[in-house]
Protein chains: 2
Amino acid sequence: MQMDRAEGERKDFWQLTGPTKGKRPTLKDVAAHVGVHFSTVSRALDPATAHRITDEVRARIQAAVAELNYRHNVAAATLRTHSSKTIGIIVPDITNSLFGPIIKGIDSISSEHGYVALIGDTDNNPEKEEKLISTFLARGIEGLIVASALREDEVVSAVAHDGTPIVTVNSHVDDDSVSSVSYNVRPSIGALVKHLAELGHRRIAFISGPSSWSTAEERLAAYRYWIDRVKAVVSDDLIVYSNEYREEEGARCAEELLRSGVPFTAVMAANDLLAFGALNVLQRHGLECPRDVSVTGFNDIPMAERWSPPLTTVKVDPLRAGKAAAEILFADIKLAPEERQPKHVLLPASMVVRHSTAAPSSGQLRGAPTNG
Amino acid sequence: MQMDRAEGERKDFWQLTGPTKGKRPTLKDVAAHVGVHFSTVSRALDPATAHRITDEVRARIQAAVAELNYRHNVAAATLRTHSSKTIGIIVPDITNSLFGPIIKGIDSISSEHGYVALIGDTDNNPEKEEKLISTFLARGIEGLIVASALREDEVVSAVAHDGTPIVTVNSHVDDDSVSSVSYNVRPSIGALVKHLAELGHRRIAFISGPSSWSTAEERLAAYRYWIDRVKAVVSDDLIVYSNEYREEEGARCAEELLRSGVPFTAVMAANDLLAFGALNVLQRHGLECPRDVSVTGFNDIPMAERWSPPLTTVKVDPLRAGKAAAEILFADIKLAPEERQPKHVLLPASMVVRHSTAAPSSGQLRGAPTNG
DNA sequence: TTGAAAGCGCTAACAC
DNA sequence: GTGTTAGCGCTTTCAA
């Protein structure tokens, strides 16, 4: 079979004329081309041992590598050295604008360390998470960063106890032997509650996330803590639980709140998306924000600033969180298993006041409006 | 060294008592535990050959696998079979909300095929792209999806010609032997131009992307094509080039337009982000949108709908694009190299009219306002 | 400074 | 239905 297209000339050289036609050249091919033993080639190509090789030989090896288009076979090296130079990243939904920056942060640190990352999206499904982790482990990942962890995440705990470095980011598990990086929510939720209280709100509802999520649990706990301190109305009727951090769920919860008849003048949502959904429903019911109700979110995703009204929320730094998680991970990877200590970093989070919060209208409480 | 913590009991069993202390159990360990040859274990664990093993033996093997916490060593299998079950994904900026859905689409198809994906972010830097591709190749990826391709992307072309299945998504290279999935921009840009023309605009400026980007080139070409057909003013003075798809660049280009003094009543941006930046500058210069200028974008990212004014733009479906790209890729992976044919799919894109476009105010052209 | 050889854990061809 | 064997491409110890 003859090939006469110009692009065949250099790049796929080995496919046509290499010593072992049709397959990727190996160290042996390069060695044969240069006339040395393949272990010499291996040494010449490894920065740690390259100095042991004569300049002249090394130069010829480099030339042969270029000519044959040799590429390192990481699978073979992994088998030999037990080091895959890869980590795994697991996110609950890559479509959520919170996780792009987290991944970017991780990626930037990994590449500094010469590692690459496998990515997996769980779709908020714990079974997918388990499968993903198992596939990743079979692939020999040397560390794992999980952004989808539940508070009771047996798989995550198991991985940690099996000795694979792991760190949860954005979320964390109850088991505190698993390293985590998350946000210092207590003060930031406190700022929100105090802000609302100073504005004159006393009946502040809360749209929580599922109680199996650490972020939901801690934000709710912080709400409870501060509501009490600020002498606002403490009542379980003011709390409603969503099943996921999605606009639709925020809408559903707001409907539920409205239907229940509890009076409230403000609603704090555990997350921006939830706040958006709530805002829509509130407005649809004739409640204007912030005139009739104040609404707050959490995360400060890019859209928060553009919403109408622009959302008062809590700003976090997911890029930094990703970097922090990766730094912990690589520190652990470099340590002997016995030396590793779980670390828990709490990144700052700060309130940003925009236009979705204001004093309640004439101090009057909102009851359950008739539907529509 | 004694370990007395409760969680040591099951999950890290092999670390304490396994036949080969301190390391992951292998097929041999499982075999020894069951009393069969390790190749029997290999067969029992491979769905394709499991039926050849007696139910009873297979059951004992499963039990031992669970007990020892055996995990398949993909690196070893890869070395042996030359199939890594891994693909690579390369994006220009994972922080951009366009790429989350693309990755999710790819990921959903890959996992159906039992593949996992390596992720890489180039930061719009061609050198990083090259390094990433090279690392991925060394890892034995069986296919590659690139969302960061330049029109003249030698590395991408080289990969294609080397025989690794590759498909560009969102962007494409000029070399049409590289499969691609992108959007049918001609008609959608046409809709935008006609919409503007019908509104009465005759001087429509265009903020392009870098001409080395396929998306920029094709959107600009479509603009030129339709501007002419619609009998609007054709002039290179109306075209300005950004260096990247970023708000800041849109702002810079709008400033440039204003400073140049060319009259225009509408500006089409090659991308939503560019449009946002332009909108800001225009407003800062006292030009109200859509009263004084109309502005359009491209992509319809989530924020477009929330911008003020809500942006008239072109809607694309990145999730679908990701899936389409992955489908082409896996079809190719399953084919013998000689059988592979480059495919080019053009997904529909449709105009969505919102509030950033309207008739030009009293048909009067806008000149260069004094700065401020 | 370089060569020789062993072996990482697995699959698959072959034997029984 | 199961055991034996070779070898994927590499790193690394040991010799020379």
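First the proteins, then the strands, lettered A, B, ... as listed; each starts at 1. The analysis underlying the following values was restricted to heavy atoms, covering all of them including side chains, and did not include hydrogens, waters or symmetry mates.
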May I ask you to evaluate whether [X] reaches the phosphate of [N], defined as a side-chain N or O under 4.0 Å from OP1 or OP2?
X       : N      : value
A/Thr78 : D/dC10 : no
B/Thr54 : D/dG1  : no
A/Lys23 : D/dC8  : no

Atom [atom1] of [X] and atom [atom2] of [N]: how far apart are they, to the nearest Å?
X       : N      : atom1 : atom2 : value
B/His72 : C/dG9  : NE2   : C1'   : 9 Å
B/Leu79 : C/dG7  : CG    : P     : 17 Å
A/His37 : C/dT1  : NE2   : P     : 18 Å
A/Phe38 : D/dC10 : CZ    : C1'   : 8 Å
B/Ile53 : D/dG1  : CD1   : P     : 8 Å
B/Asp46 : C/dT11 : CG    : C1'   : 9 Å
B/Ile61 : D/dG1  : CD1   : P     : 14 Å
B/Leu45 : C/dT11 : CG    : P     : 8 Å

When only distance counts, do a donor and an acceptor, one from the side chain of A/Arg71 and one from the base of D/dG9, lie under 3.5 Å apart?
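Such a pair does not exist between side chain and base.
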
Classify the side chain of A/Arg43 and the base of C/dG3 as holding, or not holding, a donor-acceptor pair under 3.5 Å.
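Pair found.
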
Using a heavy-atom cut-off of 4.0 Å across all strands, would you classify B/Thr40 as base, sugar-phosphate, or nothing?
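If one applies the 4.0 Å heavy-atom cut-off, B/Thr40 turns out to touch the sugar-phosphate alone, with no base involved.
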
Sugar-phosphate, base or nothing in reach of A/Val74, heavy atoms under 4.0 Å:
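Nothing, no nucleic acid heavy atom in range.
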
Backbone of [Y] reached by a side-chain donor or acceptor of [X] within 3.5 Å:
X        : Y        : result
A/Glu142 : A/Lys85  : yes
A/Ser84  : A/Gly140 : yes
B/His172 : B/Thr168 : no

Taking the side chain of [X] as its heavy atoms from C-beta onward, which of [options] lies nearest to it?
X       : options               : result
A/Leu27 : D/dC10, C/dG9, D/dA6  : D/dC10
B/Ser39 : C/dT11, D/dT2, C/dA12 : C/dA12
B/Ser42 : C/dT11, D/dT2, D/dC8  : C/dT11
B/Tyr70 : C/dC10, C/dA5, D/dG3  : C/dC10

Atom pair CG/NE2 of B/Asp46 and B/His51 - distance to nearest 0.5 Å:
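Between atom CG of B/Asp46 and atom NE2 of B/His51 there are 10.0 Å.
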
Assess whether a salt bridge exists between [X] and [Y], defined as any Lys/Arg side-chain N lying under 4.0 Å from an Asp/Glu carboxylate O.
X        : Y        : value
B/Asp29  : B/Arg24  : no
A/Asp123 : B/Lys104 : yes
A/Glu127 : A/Lys131 : no
A/Asp162 : B/Arg71  : yes

Closer to the 5' end of DNA chain D via nearest nucleotide, is it B/Ala76 or B/Gly35?
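Its nearest nucleotide lies further toward 5', so the answer is B/Gly35.
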
Between A/Ala75 and B/Val36, who's closer to the 5' end of DNA chain D by nearest nucleotide?
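Upstream on the strand: B/Val36.
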
Looking at DNA chain C, which of residues 80-88 of chain B put a heavy atom within less than 4.0 Å of it?
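Going residue by residue through residues 80-88 of chain B, the ones with a heavy atom under 4.0 Å of DNA chain C turn out to be B/Arg80, B/Thr81.
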
